[in-house]
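Note that the coordinates shown come from a computational prediction; the quantities given were computed from them, not determined experimentally. Within every chain, numbering begins at 1; the chains are lettered A, B, ... in the order of the sequence lines, protein sequences first and strands thereafter.
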There are 2 protein chains.
Amino acid sequence: MARSSLTAQLAAQILDHIRANDLPRGQHLPSQALADACRVSRAPINSAFKFLRNLGVVRFESNRGYFLAADANELAALKLLANEEGDEDDAYFEIAEDRLSGKLPAQVTESELMRLYRLPRSRLVRILSKIAQEGWIERLPGHGWEFRPTLTDRKSYEAGYRFRASIESAAVLEPGFRIDRDAFRAAREQQQALLEADLKKLSRARLFRINTELHETIVACSGNEFFLDALKRVNRLRRLIEYRVTVDRSRLNRQCREHLKILDLLEAGNVTAASAFLREHIEGANTLKSPGVEPLPGARRKKNPA
Amino acid sequence: MARSSLTAQLAAQILDHIRANDLPRGQHLPSQALADACRVSRAPINSAFKFLRNLGVVRFESNRGYFLAADANELAALKLLANEEGDEDDAYFEIAEDRLSGKLPAQVTESELMRLYRLPRSRLVRILSKIAQEGWIERLPGHGWEFRPTLTDRKSYEAGYRFRASIESAAVLEPGFRIDRDAFRAAREQQQALLEADLKKLSRARLFRINTELHETIVACSGNEFFLDALKRVNRLRRLIEYRVTVDRSRLNRQCREHLKILDLLEAGNVTAASAFLREHIEGANTLKSPGVEPLPGARRKKNPA
DNA sequence: TATTGCATTTTGTGATAACATACTGCAGTA
DNA sequence: TACTGCAGTATGTTATCACAAAATGCAATA
């Protein structure tokens, strides 16, 4: 189920919904209610239900609809099912990977990419637009696209850290900053769990996700969507790069403790201290990591003089 | 020439190039050199030359190519030709206008928009992607798109100001901050000219552009592309909104003087003071303006209970 | 020797049609 | 009365084709 069909997405969303509301076994699940919650019509919801029925999550009764066949707790294990890496297109990651590893030159044409990744134009264009929006590719005025150094350049990597330090420390000082108690509690539990868990066993992807989620949760409390958007944008880029960075797992323990301290400071209402500490925390993370990212050749468009 | 054909764009770029390099009358203009500079092949460059020949800017000699028919100074007046609002799609502005004025509901479908604006799907999709990237529309999981409140909400407007204040004041403190002397001189001249000009005669669009250019010039000096990108993103949104805001022209004079003071502080190497003053400057601009933006009805997807 | 001119190849766009998917309203059912 | 089931409609996706635009290589020329 790697493909990002609407059905799979919705199935995951339905599971989340069940867990979030802690629904009991046997609970009726009206299509329309779910449809409203997911902002689609009943059709794709029903399709997702069929999918979940095959998994034994829900039970079907003719003319009565779908009913929960297990309670919320029993579904915990299913979380990973369709969710890891979410709604992202596979080809997107392939392109990112190939660019980072240098397989893709700096300049490419659409048809070249269509051939390479066996994509229909529509999908490719959507992916390229997304990448352009993330800032690491650019449409040339004539034909073709050009990768920008953002992804592959060491300096950009560090610039991203400084940017994060700035906006995150500013975000907690926003006048509209209000702590989201539930989110904070969840974040705290997650960090605690991390401290106790075997850090060596967690995948990089998971570690990264937990880390960024914490930071984004904090910035979301600012009530200023511009800060949150900006942070999410940097993090989307980082997600691609951090895979190639050697994770210093010995630092993770300290990182968790710092995260908890930030939550403490914020909950104590000490936003000034939290702001300063956030900055330190982020800048510290940068200087200690050593990205294995080298500048890429970046082939010129025209023939090079030999 | 409202359409953004590559030819027109390149013609404008060629004029810029001539002016920037202060080329003398009679100068030979090799196609390939221009093509390289503009990152396209000779074909569209030649097409742009043909266009410029009709305007009398260049002269043509068989088998020898194009030659400049006037010197750089004489071209000053031509600047406005294809340049005002640049490479933007007209339909983009229509959609923005209709959304801001409430003609477009919160939820729309692609074909609805195709009909309304007589656009082929490809162009519409490109526009919508751009808008999505700017953050004021969002793809629904099923069919259709939903406008986000970013554009129409008063609180978002103010959040944007605070965000700008944060990133701009942080940007000048970046370790890589280096003043771009040429850009600073140009900016200074422009502000001076503004002080002396009849402020009532300048169009809003022009005032806005000059203002944002100054701020973006400063942030560009930070050498950190994340700050610049973030600023540009907010400004793209602001551009759409500020058209509906009553410009307080009595404030423009003070604004110019503040701009000059910021440049002074930076050139004196006093980045700390510049940073603080930038923040004041931006936040001051916000509290004094009164946007005529009201929250829009934002029609629900499903039937509302009466 | 650098540049143009031109023919050829490649790329991207718009239009159209076939198909899959999503939406909606209403009759039927618990 | 609230929901499902289903049929009809609308929407979006993919494939394909013809055409326009851009890129490229090479002969001709200053």
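- Mapped onto DNA chain D by nearest heavy atom, A:Ser122 and A:Leu29 fall at different nucleotides, with A:Leu29 at the one closer to the 5' end.
- In this structure, the side chains of A:Lys103 and A:Ser101 come closer than 4.5 Å at one or more pairs of heavy atoms.
- In this structure, A:Arg64 places its CZ atom 10 Å from P of D:dT4, rounding to the nearest Å.
- The residue among B:Arg123 and B:Asn46 whose nearest nucleotide of DNA chain C lies closer to the 5′ end is B:Asn46.
- As a whole-Å value, the separation of A:Leu119 CG from D:dA15 C1' is 14 Å.
- Minimum atom distance to the side chain of A:Pro44 is reached by C:dA22, of the listed C:dG12, C:dA22, D:dT13.
- Between B:Arg19 and B:Asp16, at least one side-chain nitrogen of the basic residue sits less than 4.0 Å from a carboxylate oxygen of the acidic one, meeting the salt-bridge criterion.
- Protein atom CG of A:Leu10 is 14 Å distant from nucleotide atom P of C:dT21, rounded to whole Å.
- Defined by atom type and a distance below 3.5 Å, a donor-acceptor pair is present between the side-chain atoms of B:Asn46 and B:Ser31.
- Comment: B:Glu110 engages B:Arg139 in a salt bridge, judged by a side-chain N to carboxylate O separation of less than 4.0 angstrom.
- Checking the phosphate oxygens (OP1, OP2) of C:dC23, a side-chain nitrogen or oxygen of A:Ser41 falls inside 4.0 Å.
- Side-chain proximity of A:Pro120 to C:dT4, C:dA15, D:dT14: nearest is D:dT14.
- Where the helix from C:dT1-D:dA30 to C:dA30-D:dT1 starts and where it ends, the local axes point in directions that differ by 50°; five pairs per end, rounded to 10°.
- Ring-plane geometry between A:Tyr92 and A:Trp136 is classed as perpendicular, the angle between the planes exceeding 60 degrees on a 0 to 90 degree scale with a lower cut at 30.
- Atom CZ of B:Arg126 and atom P of C:dG12 are 11 Å apart (whole Å).
- Using a cut-off of 4.0 Å between Lys/Arg side-chain N and Asp/Glu carboxylate O, B:Glu134 and B:Arg148 are scored as not salt-bridged.
- At whole-Å resolution of the value, CD1 in B:Ile45 and C1' in C:dT3 are 15 Å apart.
- Nucleic acid contact class of A:Ser47 (heavy atoms, under 4.0 Å, all strands): none.
- Along DNA chain C, the nucleotide closest to B:Pro141 and the one closest to B:Phe60 are compared, and the more 5′ of them pairs with B:Phe60.
- For the OP1/OP2 pair of D:dT4 and a distance below 4.0 Å, the side-chain nitrogens and oxygens of A:His28 include at least one atom meeting the criterion.
- At the heavy-atom level, B:Phe49 lies nowhere under 4.0 Å from the strands shown.
- In this structure, the side chains of B:Leu128 and B:Leu113 come closer than 4.5 Å at one or more pairs of heavy atoms.
- We find the OG1-CG distance between B:Thr212 and B:Leu231 to be 8.0 Å, quoted to the nearest 0.5 Å.
- One interatomic measurement links the two molecules: CZ of B:Arg39 to P of D:dT24, which rounds to 14 Å at whole-angstrom precision.
- Remark: P of D:dA2 and CG of A:Asp36 are 14 Å apart, rounded to the nearest angstrom.
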(Q) So if I define the base as every atom that isn't primed, P, OP1 or OP2, how would nucleotides 6-11 of chain D read as a B/S/- string at a heavy-atom cutoff under 4.0 Å? (A) B----B
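- Checking B:Ser156 against A:Glu225 by side-chain atom types alone, a donor-acceptor pair falls below 3.5 Å.
- At a threshold of 4.0 angstrom between heavy atoms, the contacts of B:Tyr66 with the nucleic acid are absent.
- Contact check for B:Asn235 versus B:Arg238: side-chain heavy atoms found under the 4.5 Å cut-off.
- Atom CD in B:Gln32 sits about 18 Å away from atom P in C:dT1, given to the nearest Å.
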